[in-house]
Amino acid sequence: MKVALFGSNGEARNRGVAALATATATGILSRVPDAEVTWYDDGWGVRPDPKLPGVTRVGARLTRRYHRPESYHHMAVSAALGGIGNPGAARLNAADAVLDTSGGDSFTDLYSPVRWRLVNWPKKLAVARSRPLIFLPQTYGPFHGDATRREARELVLAAAGAWARDPDSFARLKELVGGGFDPAKHRQGVDVAFALPTRPFESEELEAWLALGGGEVAVLNVSGLLLDPAETRFGLSADLVKVVEVLTRRLLDDGARLLFVPHVSTPGARDDDDAITQTLVSRLAKEYGPERVAAAPAGLDCQESKWLIGRGDWLCGMRMHATIAALSSGVPAACVAYSDKARGVFATAGQGHRVADARTLDTDTLLSELWDSWTARAATREELVTGSARARTAAGQQLDDLVGLIRAQH
């Protein structure tokens, strides 16, 4: 079995996007150990994945360096010529299926035209080369332009299969394909990250901090993007800077210890979580003591981050895949949401009521909902015994179905 996997850059800077590809690749390889998985990322050249045996990384970029084999333009021309001179094109031509995550929530024209072209390049390559295209569980839309909606519909209808990752996304998928809806091809699923395996890591400093005890561990995942005062794209009603300031101190005053786990690392960029995390940890540690406040070690990958989150007693997250890491580990979680995607994903684990929408709630109401989640953590943990297991089982069955669909393409 040869699989081409697109739509996840796979670098440590975005653990959420990396989790989509990692969960898919590990899921396929656990079922088909001799499968060849090619993970197209935004790196350069062809190289073995350093942590995933059986996975090969190949660079794929929307770049003006058309002479480079990583260029989608170069790849398209080479693929049409049989893959000559381009290992990425040759692997695509040989693939039994082309799997595409679209970054989980990027199959939409909500972002820039460049992002739209980038997301759709691999889908168009698959269709052009008559390779079976499979949309992995993701959201569909919104589509504000008629042209982009038509293009999206054509790509989905040309695919061998398409999964939506929650009931809301499935409703949008059905609306998009209209009369072309086929229940055998268009399916409701769950986010593949519910099946992401963990990977323990060693850190003497972190283990020493955890061993201090003295209070339950509240894991905080803050988003540099949402806490950027210049960010107005999402129409937030709540003041999230104030939310974080009040919530962290309230948790500490209640006896909790805080462990910050960033999920996006983009030094110097607006969406970087590391910088705001370091600022908060430094400020709170001076006020409450370093034994009460800590941050995850730098450079963790998505599997290591999930393992660490699983050691907490509760999580409040602004990055959705940080909250999935908690829910799938049976850890009570609350999500500060800026889009519709979180509620459907939380509903998968029976926790839809633990999503606090920063677009519709004012600051005080949002804080109240987060605090309710914290105080109800013991009851929520009991709920997750069944809710988390149900989501993980669904993710496993979905991977079984995916492998079956890939095999059917021969």
Side-chain angles (χ1 to χ4, degrees), residues 1-11 15 17-43 45-60 69-70 75 78-79 82-83 86-104 122-123 125-127 129-138 159-163 165 184-185 187 189-199 301-303 306 328 392-410:
M1 180 181 291
K2 297 181 179 180
V3 175
L5 179 56
F6 285 92
S8 300
N9 62 33
E11 299 302 324
R15 283 88 165 168
V17 175
L20 299 172
T22 302
T24 302
T26 55
I28 290 173
L29 288 165
S30 68
R31 289 159 175 80
V32 188
D34 61 348
E36 297 178 17
V37 179
T38 301
W39 179 344
Y40 292 78
D41 63 10
D42 57 1
V46 179
R47 62 244 184 250
D49 189 286
K51 295 183 178 181
L52 299 175
V55 176
T56 301
R57 297 285 194 96
V58 174
E70 296 84 4
M75 205 176 293
S78 177
N86 190 308
R91 286 171 175 264
L92 185 141
N93 277 354
D96 296 310
V98 175
L99 314 183
D100 199 308
T101 71
S102 302
K123 301 175 180 63
L125 274 175
V127 173
R129 300 307 308 148
S130 299
R131 295 294 81 207
L133 170 64
I134 299 174
F135 284 73
L136 292 176
Q138 57 189 272
W163 271 271
R165 66 181 176 184
K185 291 175 57 177
R187 314 183 193 192
V190 300
D191 194 292
V192 292
F194 277 103
L196 178 70
T198 61
R199 180 188 295 113
D301 63 28
C302 59
Q303 293 178 274
K306 180 175 178 176
S328 58
R392 293 195 305 271
T393 298
Q397 181 60 57
Q398 181 176 263
L399 283 163
D400 291 341
D401 294 343
L402 174 63
V403 169
L405 178 58
I406 296 170
R407 284 183 168 137
Q409 304 311 307
H410 285 287

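Positions are given from 1, in the same order as the sequence printed here. Any value given below was found using the heavy atoms of this structure, including those in side chains, with hydrogens, waters and symmetry copies removed.
Proximity of D34 to L29: side-chain heavy atoms (C-beta onward) are nowhere separated by under 4.5 Å. The side-chain heavy atoms of L92 and R129, taken from C-beta on, include a pair separated by under 4.5 Å. Between V32 and V3 there is no side-chain heavy-atom pair separated by less than 4.5 Å. For the pair D401 and W163, the minimum side-chain heavy-atom distance is below 4.5 Å. Between R187 and P137, every side-chain heavy-atom pair lies at or beyond the 4.5 Å cut-off. For the pair R407/M1, a side-chain contact is recorded, criterion being any heavy-atom separation below 4.5 Å from C-beta on. Side-chain contact check for D49 versus W39: some heavy-atom pair is nearer than 4.5 Å. Between L20 and L136 the shortest side-chain heavy-atom distance does not fall below 4.5 Å.
No donor-acceptor pair closer than 3.5 Å links the side chain of D191 to the backbone N or O of F194. A donor-acceptor pair under 3.5 Å is formed between the side chain of T101 and the backbone N or O of G103. The backbone N or O of G27 sits less than 3.5 Å from a side-chain atom of S30, completing a donor-acceptor pair. Within the 3.5 Å criterion, the main-chain N or O of G45 finds a donor-acceptor partner in the side chain of R47. Counting only distance, with no hydrogens or angles, the side chain of N86 and the backbone of S78 share no donor-acceptor pair below 3.5 Å. No donor-acceptor pair closer than 3.5 Å links the side chain of E36 to the backbone N or O of G54.
With rounding to the nearest 0.5 Å, the separation of CG in D100 from CG in L133 is 6.5 Å. For the atom pair CG of L5 and CD1 of I134, the computed distance is 11.0 Å after rounding to the nearest 0.5 Å. Summarising the geometry, atom CG belonging to L196 is positioned 8.0 Å from atom OG1 belonging to T198; distances are rounded to the nearest 0.5 Å. Rounded to the nearest 0.5 angstrom, S328 OG and R392 CZ are separated by 7.0 Å.
Minimum interatomic distance between A23 and A195 (heavy atoms only, all atoms of both residues): CB-C, 4.4 Å. What you find for I28 and A35 is that their closest heavy atoms are CG2-CB, 4.1 Å. Considering every non-hydrogen atom in both Q409 and A160, the closest pair reads OE1-CB, 3.8 Å. Nearest heavy-atom pair, G161 versus L405, reported as atom, atom and distance to 0.1 Å: CA-CD2, 4.1 Å. Contact record, C302 with R15: CB-O, 3.3 Å, taken as the closest heavy-atom pair.
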Please step through side-chain contact (heavy atoms from CB on, under 4.5 Å) for the pair K123 and F6, ending with a clear verdict. CA-CA 9 Å; K123 301 175 180 63; F6 285 92; over 6 Å; no

Could you go through D301 and K306, starting from their C-alpha distance and side-chain angles, then the distance that decides it, and tell me whether this counts as side-chain contact (heavy atoms from CB on, under 4.5 Å)? CA-CA 9 Å; D301 63 28; K306 180 175 178 176; over 6 Å; no

Test log, rule side-chain contact (heavy atoms from CB on, under 4.5 Å), inputs Q303 and L52: CA-CA 11 Å; Q303 293 178 274; L52 299 175; 3.9 Å; yes

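Salt-bridge formation is not detected for the pair K2/D96: no Lys NZ or Arg NE/NH1/NH2 atom is positioned less than 4.0 Å from an Asp or Glu carboxylate oxygen. In this structure, D42 does not pair ionically with R57, as no charged nitrogen and carboxylate oxygen lie closer than 4.0 Å.
Under the side chain to side chain donor-acceptor pair (under 3.5 Å) criterion, Q398 pairs with no residue at all, not counting sequence neighbours. When the side-chain contact (heavy atoms from CB on, under 4.5 Å) test is applied to T38, the partners found at least two apart in sequence or on another chain are Y40, V58, R91. Taking R31 as the reference, L399, D400, V403 meet the side-chain contact (heavy atoms from CB on, under 4.5 Å) condition, with sequence neighbours excluded.
The closest side-chain donor-acceptor pair between T22 and K51, if any, does not fall under 3.5 angstrom.
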